[in-house]
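Presented below is the structure to which this report refers.
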Amino acid sequence: MKYDSLPPQLKYRGFRFKDGLILAALGLLLLWVGWRVLIDFKYDWQWDDLPGFIIGRDESGRLRLGPLGHGLALTLKLSLWASALAMILGLILALGRLSRFLYFRLLSRTVVEVSRNIPPLVLIFIGFYFLSAQFLPWPKLAGLVRESGPATQWLVEALTVRLSELSVFFPVVLTLALYEAAYFAEIFRGAIIAVPLGQWEASWCLGLNRFDRYRFVILLQVFRKTSPQLAGPSTSPVKASSIFSVVSLAELTYSSMKLSATYHHLFEIWLTAAGLYFIFNFALSSAFQRLEQ
């Protein structure tokens with residue numbers, strides 16, 4: 001939407017005296033917080049080791065990821081896989097909720113309501129320790145990868161995690177994707193319902209079957225309408241992945257916990273972890289804003 005097409009109550013106003021007072025008050029508040037941290041807060045800040053925790057050099061002089069760098073890389077892979085899978089599952093659930101068949105509607109709504117109304121930590125324990133461990137052969141899949149050639153092992157490790165962590169990575173991705181898919185489903189369902197009736201009638205008049213109607217007419221408009229709303233669920237897996245530290249997956253939060261317990265750089269490590277989370281989430285949000293434009 002262009003600025004000229006906005007209604008008057010939504011157009012930006014120029015900088016006014018009241019805005020200057022608010023900015024000055026915020027600046028004074030930040031200065032006061034900084035003064036309390038530097039003067040009154042009796043803490044021996046040690047930032048020298050932090051760069052090596054993110055990226056450093058090994059004994060041979062080659063660059064390698066430190067614990068925080070490895071945790072960040074694992075968080076990014078986990079989030080990207082979970083977001084992609086959640087978007088696909090969410091679209092399937094949305095179409096199921098709008099199906100002509102009652103059993104598809106009941107099944108899709110059950111999955112959505114269960115995922116939305118159970119706390120994520122409880123869902124993690126159920127999905128990871130019970131459903132995934134009992135019914136899905138993740139250890140066998142990891143064993144098959146180990147028995148494959150070096151090229152396959154390198155590709156799997158580049159796209160996911162080390163082979164020793166595969167049996168943990170896959171159920172975590174599936175559980176997180178199932179949790180986020182419920183929110184994608186409701187966004188897609190609302191956008192499909194919002195498509196004007198004339199578009200449906202036009203696709204019927206063209207003689208398109210149900211599959212082609214969704215593929216060529218409806219879903220193209222759905223993705224365009226939902227681009228602003230997809231930013232939230234797409235960045236949510238990055239933050240929700242921190243909960244999986246309870247299953248000892250070495251993502252960013254788990255790595256930060258281990259480092260803070262080992263080196264006792266409590267504030268430095270957690271502030272760095274918070275900054276890494278913010279940078280990645282801000283980059284994702286900015287990418288969705290560009291996509292919306």
Side-chain angles (χ1 to χ4, degrees), residues 22-23 25-38 41 43 45-56 63-87 119-121 124 160-161 169 172-173 175-177 179-180 183-184 187 226-293:
I22 295 175
L23 290 176
L26 290 176
L28 290 175
L29 177 62
L30 291 176
L31 288 175
W32 177 76
V33 172
W35 176 76
R36 289 293 304 273
V37 170
L38 294 176
F41 189 51
Y43 182 78
W45 295 94
Q46 300 180 28
W47 295 98
D48 297 339
D49 297 333
L50 262 297
F53 292 155
I54 300 174
I55 187 170
L63 290 176
R64 50 99 182 135
L65 290 176
L68 288 181
H70 176 72
L72 177 63
L74 182 53
T75 298
L76 301 187
K77 293 177 182 179
L78 172 62
S79 305
L80 293 176
W81 278 104
S83 297
L85 185 57
M87 192 173 296
L121 186 59
I124 287 169
T160 57
V161 292
F169 181 80
V172 164
V173 168
T175 304
L176 184 57
Y179 173 72
E180 297 294 337
Y183 299 93
F184 279 108
I187 292 174
T226 58
S227 59
Q229 290 81 14
L230 292 179
S234 297
T235 57
S236 180
V238 181
K239 296 172 285 187
S241 64
S242 61
I243 305 176
F244 288 96
S245 59
V246 299
V247 295
S248 300
L249 184 67
E251 42 76 51
L252 183 55
T253 299
Y254 182 79
S255 300
S256 301
M257 291 171 58
K258 290 189 64 177
L259 283 175
S260 61
T262 303
Y263 293 94
H264 305 289
H265 299 341
L266 184 64
F267 293 102
E268 297 92 336
I269 290 173
W270 285 112
L271 287 174
T272 302
L276 293 174
Y277 276 119
F278 174 80
I279 291 171
F280 184 68
N281 278 322
F282 184 76
L284 276 180
S285 300
S286 301
F288 272 96
Q289 288 179 1
R290 296 293 298 176
L291 179 63
E292 180 185 352
Q293 293 174 3

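We use all heavy atoms of the structure for the numbers below, so side chains are in, but hydrogens, waters and symmetry mates are not. By convention here, the first residue in the shown sequence is residue 1.
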Self-check item: Heavy atoms of other groups near K258 NZ, more than 12 under 6.0 Å
Solution: no
Practice problem: Quick one: list whatever passes side chain to side chain contact (heavy atoms under 4.5 Å, CB included) with L23, sequence neighbours left out. | Solution: F15
Exercise. Report the residues that fulfil ring pair (Phe, Tyr, Trp, His ring centres under 6.0 Å) with F267, sequence neighbours left out, ordered by chain and then residue number.
Key: F41, Y43
Quiz item: What is the ring orientation for Y183 with Y179, classed by angle as parallel under 30°, tilted 30 to 60°, or perpendicular over 60°?
Solution: perpendicular
Quiz item: What heavy-atom pair brings A250 and H70 nearest, and what distance separates the two atoms?
Solution: O-CD2, 4.1 Å
Practice problem: For I187, check side chain to side chain contact (heavy atoms under 4.5 Å, CB included) against everything at least two apart and list the hits. | Solution: T226, Q229, L230, P233
Quiz item: If you round to the nearest 0.5 Å, how far is NZ of K239 from CZ of F278?
Solution: 11.5 Å
Quiz item: At what distance, to the nearest 0.5 angstrom, does CG of L68 lie from CG of L50?
Solution: 7.0 Å
Quiz item: Residues in side chain to side chain contact (heavy atoms under 4.5 Å, CB included) with I279, at least two apart?
Solution: none
Exercise. Grab the two heavy atoms, one from T75 and one from E251, that are nearest each other, plus how far apart they are.
Key: OG1-CB, 3.3 Å
Practice problem: Go through the steps to decide whether T253 and W270 satisfy the test side chain to side chain contact (heavy atoms under 4.5 Å, CB included), and finish with yes or no. | Solution: CA-CA 9 Å; T253 299; W270 285 112; 4.0 Å; yes
Practice problem: Can you measure from OH (Y277) to OG (S241) and round to the nearest 0.5 angstrom? | Solution: 4.5 Å
Quiz item: For L65 and A73, which heavy atoms make the closest approach, and how far apart are they?
Solution: CD1-CB, 4.2 Å
Quiz item: Once you round to the nearest 0.5 Å, how far does CG of L176 lie from OG of S79?
Solution: 7.0 Å
Self-check item: Any residue meeting ring pair (Phe, Tyr, Trp, His ring centres under 6.0 Å) with Y254, in chain and number order, not counting sequence neighbours
Solution: none
Self-check item: Closest contact, heavy atoms only, E180 versus P237
Solution: CG-CG, 3.8 Å
Self-check item: Over 12 non-hydrogen atoms of neighbours within 6.0 angstrom of CZ in F280
Solution: yes
Quiz prompt | Distance (rounded to the nearest 0.5 Å) between L74 CG and F169 CZ | solution = 6.5 Å
Quiz item: Rounded to the nearest 0.5 Å, how far apart are OG1 of T272 and CZ of F53?
Solution: 9.5 Å
Exercise. Could you list the residues that satisfy side chain to side chain contact (heavy atoms under 4.5 Å, CB included) with L72, not counting sequence neighbours?
Key: L76, L252, L276
